[in-house]
Amino acid sequence: MLCLVLLLLAALGVGAVWGNRSLQVQEVAVDCPGLPAAFQGFRLAQVSDLHNAAFGRDNARLLAALAQAEPESILLTGDLADSRRTNLAVALSFARQAAAIAPVYYVPGNHEARLAQYAAFAAALEAAGVLVLANRALPLVRGSQRITIAGLADPGLAQRAGDPRPAEAILGDALAALRLSSQPFPLLLAHRPEWFPLYAEGGAALVFSGHAHGGQWILPGIGPVFSPGQGLRPQYARGSFGERPRLIVSRGIGNAEFPLRLFNHPEIIVLHLNPTKE
């Protein structure tokens with residue numbers, strides 16, 4: 001009996017290690033009511049929560065998978081760096097090489113909000129060819145039509161700078177300033193998925209988030225276990241929610257406070273956008 005228990009524990013350990021190092025590429029077709037026809041088949045790759053992770057030397061395996069997906073744009077939805085084990089060289093090297101594959105759009109997450117050197121980090125990302133969307137919107141053009149891509153800075157940045165207001169108020173004002181409702185099919189990058197109802201009220205058509213790490217552990221019969229900002233059995237831990245607006249939550253790449261995933265592979269999400277009638 002003891003031998004059986006030891007074998008099971010060993011198998012679980014091997015599975016956990018493999019699960020944390022085995023990168024998955026999730027191909028997802030998304031019906032988008034109101035998306036301009038020129039964006040039929042538009043390919044977006046989402047990478048979230050790198051947290052200094054390295055898949056191969058200098059992230060060669062991660063970058064190869066990203067290149068093979070042939071995205072037209074790459075979305076980095078926060079926590080590219082890690083505030084507790086800060087190694088900005090890993091984040092900047094990955095970002096620079098990703099920008100050689102396709103245009104890269106980035107929003108800061110809660111870990112970047114904690115960085116004393118965030119301003120220098122954001123400037124270095126821009127110098128590497130990354131478009132930093134911290135409470136900023138840009139046009140995204142394909143053929144003769146355009147949509148909008150916007151991003152929200154993590155509210156922790158404003159709070160760290162002395163803003164005493166709660167996160168909801170900070171995000172609400174930032175969304176109001178972006179005026180997404182008046183923009184053509186606005187895509188929104190926002191690190192924290194728990195504020196999805198607020199993003200919907202703000203006029204976003206398609207939202208991309210991370211932060212939840214897939215719930216860290218995904219248990220049979222229970223599902224995702226825990227997420228920062230949502231607690232136990234989080235609602236928005238992974239996958240797709242809603243239709244218009246729709247929320248896409250990445251399980252992310254690396255780990256932060258809790259070092260181990262269970263039944264929860266790191267992932268790149270590759271989305272194929274399909275226009276549909278309203």
Side-chain angles (χ1 to χ4, degrees), residues 46-51 75-84 86 91 105-119 121-122 125 132-137 148-181 183 186-216 224-242 245-252 254-258:
Q46 182 186 4
V47 177
S48 197
D49 298 89
L50 185 68
H51 286 290
L75 314 179
L76 305 182
T77 46
D79 286 1
L80 189 59
D82 191 295
S83 62
R84 288 182 170 84
T86 305
Y105 301 87
Y106 158 84
V107 289
N110 59 297
H111 274 256
E112 283 93 359
R114 298 172 188 158
L115 292 176
Q117 62 271 54
Y118 170 72
F121 177 61
L125 285 173
V132 177
L133 298 180
N135 302 333
R136 179 186 178 199
T148 300
I149 183 164
L152 285 176
D154 189 87
L157 278 169
Q159 291 169 335
R160 192 172 186 277
D163 192 329
R165 296 177 299 161
E168 184 175 8
I170 293 169
L171 290 171
D173 280 357
L175 280 165
L178 288 171
R179 300 181 63 187
L180 297 182
S181 297
Q183 303 291 335
L187 311 181
L188 179 66
L189 280 58
H191 181 63
R192 303 187 192 221
E194 61 266 28
W195 296 108
F196 177 46
L198 191 63
Y199 310 149
E201 290 175 12
L206 183 57
V207 182
F208 299 89
S209 295
H211 190 51
H213 293 236
Q216 203 67 54
V225 173
F226 178 82
S227 164
Q230 298 182 71
L232 293 174
R233 302 194 67 181
Q235 180 179 3
Y236 305 117
R238 54 174 180 155
S240 174
F241 305 86
R246 183 185 295 268
L247 170 66
I248 306 294
V249 184
S250 169
R251 298 198 306 260
N255 294 315
E257 287 83 355
F258 197 79

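Only heavy atoms go into these numbers, but all of them, side chains included; no hydrogens, no water, no symmetry mates. Starting from 1, each residue takes its place in the sequence as its number.
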Q: Could you list the residues that satisfy ring pair (Phe, Tyr, Trp, His ring centres under 6.0 Å) with Phe241, not counting sequence neighbours?
A: Tyr236

Q: Applying ring pair (Phe, Tyr, Trp, His ring centres under 6.0 Å), name anything that partners His111, two or more places apart in sequence or on another chain.
A: His51

So, using side-chain hydrogen bond (donor to acceptor under 3.5 Å, both in side chains) as the criterion, who are the partners of [X] when residues are at least two apart?
X      : value
Asn135 : none
Ser240 : Arg246
Asp154 : Arg192
Tyr105 : none

Q: Give the minimum heavy-atom separation between Leu115 and Ala81, together with the two atoms involved.
A: CD1-CB, 4.0 Å

Q: Looking only at non-hydrogen atoms, find the nearest pair between Gly210 and Val249 and report the distance.
A: O-CG1, 4.0 Å

Would you please name every residue forming a salt bridge (Lys or Arg N to Asp or Glu O under 4.0 Å) with [X], sequence neighbours left out?
X      : result
Arg238 : none
Arg165 : Asp163, Asp173
Arg114 : Glu257

Q.
For Glu168, give me all partners under side chain to side chain contact (heavy atoms under 4.5 Å, CB included), at least two apart in sequence or on another chain.
A. Trp195, Leu198

(Q) Taking side chain to side chain contact (heavy atoms under 4.5 Å, CB included) as the definition, give me every residue that meets it alongside Ser250, ordered by chain and number, with sequence neighbours left out. (A) Gln46, Ser48, Glu267, Ile269

